[in-house]
Amino acid sequence: MDDLSLLSGHAVLRGVADVSAHREAHRRRRLVQIIAGLGLIATVLYWRLLAGIPFTFGWPDIHLSSEMQQLLPGVALIIVLGAVLVVPLLSAGKSPHVMYRPSEIPITLDDVVGLGVVKEEVVKTLNLFLAFRTFRDRMGGNPRRAILFEGPPGTGKTYMAKAMAREAGVPFLYVSASSFQSMYYGQTNRKIRSFFRKLRTIARREGGAIGFIEEIDAIAASRSGVRSRSTEGVSGPSSSDSSGIERSTMSEGISGVVNELLVQMQSFDEPTIGSRMRGAVIDLVNRMLPEMKQFKKRPPVSSNILVIGATNRAADLDPALLRPGRFDRSISFDLPSRSGRREIIDYYLQRKAHVPELDREDRRDQLAAITLGYSPVMIEHLFDEALVWALRSNRESMDWTDVHQAKMTEEIGLKQPVEYTDEDRRTIATHESGHAVVAYLVGVGRKLEVLSIVKRKDALGLLAHSDTEERFTRTRTELIAAIQISFGGMTAEELFFGEAGTGPGGDLASATKIAAQMVGSFGMAGTLVSFDAIEPGPVSMGIVGKVLGNDDARRAVERILDRAKGDVRGLLDANRDLVEALRDELLRFDELVGDEILSVLHKAEDARERGNK
């Protein structure tokens, strides 16, 4: 490479980097070897033809005596039994990888969407891999040997690794870490050595190779159950002893396996068999030569290998594997942001049958909003399920209703045909209407999505609402509003029926959790003491247990909940007409979606204004 600025570009160096030059040189060398071999064979054949020596094809004429013929079945049986015993032992240490050629991988970097900065970092890493010789010889740098992809399942780690191999044009060796494990002692290490040996062989032949180890934490967990911990600046009871050693509850890894991984991560410059044989000959000759006239051996050439490890439990990995020279670059695959989800939605909708309504910008923006917390795989699965709902209605394309039904089914469950009594049905409709009215009145910046009295799993009814804009922090006012929304159902039942039933159980749990976080974590209840600072003991409690276990904190939680419930009671008492309007509409249609909820509320407000006039 002549232009080093290309290494920091945003495009992959296809066809102009060192890997391509190495592959071309190796191809020409291979052609020369084939031509030389065929030429030697042709020379021998022509010599025999000119010398008049006949050359015939076929099996050699072998005559066996009758005694040898009687021994043949026994010899054949011994050979078969030997193969049955030996072959499994030999194959037990074989690398369990599956190799894919670039042409076998249908994924390119253009198919990787919604990752933003992660994709840019991957392209830069890939360019260093492709221009390894330039980076090493001209700039004096050491190319990256291994990178770690960490993040929740379904965020695109394997997808990205395959795209990298396709873009680089090198073989891709995929292996699951659990497939290295063997019931025979020592065979796990043999499989690891075989995998890296295969990587080196292919890299020397192809100019580079990418090895991908899925769920690497299965063989790379921490080797020790004891870890040191500094206690400086920490007061109060401690679970550590006087030596500063804390007993860890993490599961122990297999030391030998982790050690083997560490060794193999440093073996990329291991000489080939041919190099070792040449070195042995040179050593033999040098024994007979004076020191000044001895031959020099060429240093081994490092193989251009990029090992990618993927895990969703990076904290469990042995620290030695994350040090420089090993998996020293960690790339985090987080759940996509709203703009990232919009890119993913655009990508998948191009490939799935849908009605023109889903091509509208507002619909796609709405899809990006309601899929908060979805991974790319979950978004694709959502559309697949929507297509299933369309197929059930004898349609070939999904519409907005199908997407909505698929989302509700995946998150909450299928609709269950339960025959409510008239009393239960009216109570549930009043309960959910109370939630919706409070969310409408105090939920600033929130969008009402679904209001339903259809049973799904354990929920007799539900109100689904979300932020109109993606938020990462909450104010005290917003948390109080969330608590008030939780009390909307219980308070509505008390206003219209005199008492509440068993339905608000889940609402109370949600409200208590938020209030406990306000008191013990966020400093929003008159104290700045954080209960999260309490180090866990033998029986670890969450923030709710820590807060409720303290008398003063428990009273603070109760004050927040009582005040919120009192505010909700006054709010719903002044807006009974809105609750009644939603309740009656729910009793008619069982389920209201999006604008249908707002339409009912707006009509009720208009009727109130006309009545006041």
Side-chain angles (χ1 to χ4, degrees), residues 1-9 11-43 95 97 99-105 108-109 123-146 161-173 195-212 264 266-282 295-308:
M1 281 188 58
D2 296 326
D3 188 2
L4 294 179
S5 63
L6 295 176
L7 284 176
S8 60
V12 178
L13 301 176
R14 301 185 185 93
V16 297
D18 301 324
V19 168
S20 300
H22 182 100
R23 188 185 301 113
E24 179 62 21
H26 197 277
R27 183 187 68 84
R28 294 180 180 180
R29 192 182 310 117
R30 194 159 49 238
L31 287 177
V32 170
Q33 292 171 352
I34 293 174
I35 293 172
L38 292 177
L40 181 61
I41 295 173
T43 301
S95 174
H97 71 269
M99 188 178 77
Y100 296 92
R101 291 284 177 180
S103 58
E104 297 177 298
I105 301 175
T108 67
L109 284 177
V123 169
K124 289 178 172 58
T125 299
L126 191 58
N127 284 340
L128 289 177
F129 167 75
L130 294 173
F132 69 102
R133 188 175 291 119
T134 300
F135 184 68
R136 182 186 60 204
D137 298 342
R138 292 181 56 184
M139 300 183 66
N142 294 316
R144 291 174 185 165
R145 297 300 188 190
K162 290 183 177 180
M164 290 174 67
R166 169 64 182 271
E167 295 289 347
V170 299
F172 178 75
L173 277 65
F195 175 68
F196 279 88
R197 189 182 307 115
K198 191 67 175 179
L199 272 174
R200 291 192 297 269
T201 301
I202 294 175
R204 292 188 181 105
R205 185 173 67 240
E206 302 287 344
I210 294 178
F212 182 75
Q264 293 303 318
Q266 304 294 329
S267 67
F268 297 133
D269 56 354
E270 182 177 315
T272 62
I273 296 178
S275 298
R276 289 197 293 266
M277 292 178 63
R278 287 192 298 270
V281 172
I282 293 175
F295 295 98
K296 292 183 178 181
K297 293 192 294 185
R298 288 182 298 179
V301 179
S302 181
S303 303
N304 185 34
I305 294 173
L306 182 63
V307 179
I308 303 174

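All residue numbers refer to positions in the sequence shown, counting from 1. The figures here come from the full heavy-atom set of this structure, side chains too, leaving out hydrogens, waters and symmetry mates. In this text, all values refer to a predicted model and were calculated from it rather than measured experimentally.
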Taking every non-hydrogen atom, the tightest pair across R145 and S303: NH1-O, 3.0 Å
Sub-4.5 Å side-chain heavy-atom contact between L173 and I210: no
Between CG on residue L31 and NE2 on residue H26, distance to nearest 0.5 Å: 11.0 Å
Atom CD1 of I34 with >12 non-hydrogen neighbours under 6.0 angstrom: yes
Residues T125 and R144: side-chain donor-acceptor under 3.5 angstrom: yes
Separation between CG of N304 and CD of E206, rounded to the nearest 0.5 Å: 12.0 Å
Side chain proximity check, K297 to R278, heavy atoms < 4.5 angstrom: no
CA sep, side-chain torsions, deciding dist, call: R28, R30, side chain to side chain contact (heavy atoms under 4.5 Å, CB included): CA-CA 5 Å; R28 294 180 180 180; R30 194 159 49 238; over 6 Å; no
Shortest non-hydrogen separation from A203 to I305 and the atoms involved: CB-CG1, 3.8 Å
Beyond-backbone contact of F129 with V170, side-chain heavy atoms, under 4.5 angstrom: yes
Heavy-atom closest contact (G207 atom, F132 atom, distance): O-CE2, 3.9 Å
From CZ (F195) to CZ (R200), nearest 0.5 Å: 11.0 Å
Between CZ on residue R204 and CD1 on residue I202, distance to nearest 0.5 Å: 11.5 Å
Under-4.0 Å salt bridge between E104 and R101: no
Between NZ on residue K162 and OH on residue Y100, distance to nearest 0.5 Å: 5.5 Å
Approximate separation, where rounding is to 0.5 Å, of M164 CE and T108 OG1: 13.5 Å
Minimum side-chain heavy-atom gap T201-R205 below 4.5 Å: yes
Closest non-hydrogen atom pair, F212 against A161: CD1-CB, 3.4 Å
Flag side-chain contact, heavy atom, 4.5 Å: E167 against L126: yes
Residue pair P171 / G208: nearest heavy atoms and the distance that separates them: CD-O, 3.7 Å
Beyond-backbone contact of F196 with V307, side-chain heavy atoms, under 4.5 angstrom: yes
Closest heavy-atom pair and its distance - L306, A146: CD1-N, 4.2 Å
